[in-house]
Novice: 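The structure is given below, and queries will be raised subsequently.
FYI, side chains are in, hydrogens and waters are out, and symmetry mates aren't considered; it's all heavy atoms of this structure. Source: prediction; values computed, not measured.
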Amino acid sequence: MVRVQVPATTANMGPGFDTLGMALKLYNIVEMEEAGLNLYIDVEGDGAERIPRGRSNIVYVAAARVFQITGYEPRGLRIKITNNIPLARGLGSSASAIIGGLVAANILSGNKLTENELLNLAANIEGHPDNVAPALLGGIVVTVKDDDEIQFVKIEPPAKLRCVVAIPDFPLQTKAAREVLPQAVTISDAVFNISRTALLVAALMKQDFNLLTVAMDDKIHQPYRSNLVPGMKKVFAAARLAGARGVALSGAGPTLIAFCDENTGFIAKVMKETFSQSGLQVKVLELEPNPVGAVALEVMK
Ligand code: HSE
């Protein structure tokens with residue numbers, strides 16, 4: 001039996017749309033073993049009732065891709081998924097499922113695929129690399145898609161970085177949150193985001209928190225998505241006033257994430273109260289960046 005733990009992730013980090021992502025200390029577990037005669041999928045935890053148990057299950061889809069490429073034929077397959085990452089909230093639940101399926105199936109089939117191959121497969125299934133890369137590798141990952149190949153650099157999260165996430169009580173599918181985006185942006189908006197993405201990576205590497213407010217601003221996706229999350233702009237402003245160094249929509253949302261170095265309890269309270277003024281109930285969590293990606297906790301043949 002193979003047991004893989006995969007972290008939650010926050011993608012974009014403000015300006016780094018489809019490019020930057022960071023792993024967080026919150027985990028889904030995927031267990032996989034060759035047993036029975038057919039496919040059996042069991043799901044527990046967040047959103048369990050909404051997750052398909054058949055061959056359209058994303059953990060299975062990812063695993064099947066590995067078996068197909070490696071030519072490995074499992075004798076029956078039992079998959080158990082334990083979800084702690086809230087579903088469709090912008091914290092990388094689908095990326096964790098994909099990575100869990102790929103890593104577990106790769107172990108079952110004799111570790112034939114490299115980390116690079118797994119990352120490219122994952123990005124291909126997900127459609128963009130910014131969640132799957134930190135889910136697999138941990139830390140903060142800068143990703144670039146070049147001719148269908150993912151180039152990446154992992155950087156260590158600043159030691160003092162803490163995150164507060166405010167998770168609204170409604171799901172938002174990434175597809176819907178991408179449909180509100182324009183097909184083209186102006187050159188000045190492109191420069192706005194390029195400069196901030198570069199500044200953000202440099203600031204994180206130098207552990208310079210003073211730059212985060214400016215560096216995490218964005219003009220190419222958040223303004224278009226703000227209508228999908230009632231109170232988003234107010235919560236951004238309130239979190240900054242409460243001491244957050246930078247605030248962003250986590251991935252495609254609806255979760256908001258504040259980057260902090262202190263006062264996380266107060267910032268969490270302010271984000272929750274400000275959301276409730278807009279009629280939205282949120283769950284707030286204080287999460288640390290996770291330097292480690294997917295890990296196999298148990299491997300028994
Ligand atoms: N970069 C992606 C987006 C992340 O913002 O649409 C969501 O999965």
Side-chain angles (χ1 to χ4, degrees), residues 7-17 20-26 85-86 89-92 130 134 139-140 155-169 192-193 195-223 225-226 228-291:
T9 49
T10 185
N12 302 328
M13 299 168 72
F17 182 73
L20 296 181
M22 179 169 75
L24 299 167
K25 289 188 179 173
L26 177 70
I85 306 170
R89 297 296 200 282
L91 289 167
D130 47 343
I140 296 167
I155 57 180
E156 290 302 317
K160 287 189 179 150
L161 181 61
R162 297 289 175 274
C163 299
V164 175
V165 292
I167 309 166
D169 64 356
F192 187 98
N193 271 57
S195 56
R196 278 159 183 78
T197 305
L199 186 70
L200 178 56
V201 172
L204 291 166
M205 291 184 77
K206 291 193 80 175
Q207 317 214 3
D208 187 341
F209 287 78
N210 292 321
L211 294 170
L212 294 186
T213 304
V214 171
M216 288 177 69
D217 208 354
D218 154 75
K219 279 200 177 173
I220 68 170
H221 70 107
Q222 293 177 171
R225 289 171 162 173
S226 66
L228 304 174
V229 187
M232 177 172 142
K233 286 181 186 160
K234 283 185 188 151
V235 178
F236 272 38
R240 286 195 196 110
L241 268 179
R245 298 306 198 115
V247 195
L249 191 63
S250 184
T255 293
L256 301 191
I257 186 163
F259 281 30
C260 320
D261 52 353
E262 51 190 12
N263 296 332
T264 48
F266 180 60
I267 293 163
K269 185 168 169 279
V270 166
M271 290 174 82
K272 191 176 173 71
E273 279 172 5
T274 312
F275 258 131
S276 91
Q277 285 162 17
S278 296
L280 222 60
Q281 297 310 310
V282 299
K283 180 174 168 186
V284 286
L285 296 177
E286 296 174 32
L287 295 174
E288 285 180 37
N290 191 346

Novice: Please answer whether the main-chain N or O of Ala268 pairs with a side-chain N or O of Glu286 as donor and acceptor at a distance below 3.5 Å.
Specialist: no
Novice: Yes or no on side chain to side chain contact (heavy atoms under 4.5 Å, CB included) for Lys206 and Leu211, after CA distance, side-chain angles and deciding distance?
Specialist: CA-CA 10 Å; Lys206 291 193 80 175; Leu211 294 170; over 6 Å; no
Novice: Under a 3.5 Å distance rule, please check whether Asn193 uses its side chain to pair with a backbone N or O of Pro15 as donor and acceptor.
Specialist: yes
Novice: Locate the shortest heavy-atom distance separating Ala248 from Met216; write the atom from each residue and the value.
Specialist: CB-CE, 4.0 Å
Novice: Search all heavy atoms of Gly243 against all heavy atoms of Ile267 and return the closest pair with its distance.
Specialist: C-CD1, 3.7 Å
Novice: Hey, is the main chain of Asp169 close enough, under 3.5 Å, to the side chain of Lys283 for a donor-acceptor pair?
Specialist: no
Novice: Considering non-hydrogen atoms only, spot the tightest contact between His221 and Asn12 and give its length.
Specialist: CE1-ND2, 3.4 Å
Novice: Test your reading of the model: is there a side-chain donor-acceptor pair from Asn290 to the backbone of Leu26, 3.5 Å cut-off?
Specialist: no
Novice: To the nearest 0.5 Å, what is the distance between CD (Gln222) and CG (Leu256)?
Specialist: 8.5 Å
Novice: Is the backbone of Arg89 close enough, under 3.5 Å, to the side chain of Thr255 for a donor and an acceptor to pair up by distance?
Specialist: yes
Novice: Between Pro158 and Phe209, what is the shortest heavy-atom contact and its length?
Specialist: CB-CZ, 3.9 Å
Novice: Distance check, rounded to the nearest 0.5 Å: Leu287 atom CG versus Ile257 atom CD1?
Specialist: 7.0 Å
Novice: So does Gly90 get a backbone contact from the side chain of Ser250, meaning a donor-acceptor N/O pair under 3.5 Å?
Specialist: yes
Novice: Can you find a heavy atom in the side chain of Met271 that is under 4.5 Å from one in the side chain of Val282?
Specialist: no
Novice: Please walk me through it: do Arg196 and Val214 pass side chain to side chain contact (heavy atoms under 4.5 Å, CB included)?
Specialist: CA-CA 7 Å; Arg196 278 159 183 78; Val214 171; 4.1 Å; yes
Novice: What are the two closest heavy atoms between Ile220 and Phe17, and how far apart are they?
Specialist: CD1-CB, 4.0 Å
Novice: Give me each pair satisfying salt bridge (Lys or Arg N to Asp or Glu O under 4.0 Å) with a member in residues 234-254, each pair once, sequence neighbours excluded.
Specialist: Arg245-Asp261
Novice: Nearest 0.5 Å please: distance from the OG1 atom of Thr9 over to the CG atom of Asp130.
Specialist: 8.0 Å
Novice: State, to 0.1 Å, how close Pro291 and Glu156 come at their nearest heavy-atom pair, and which atoms those are.
Specialist: CB-OE1, 3.7 Å
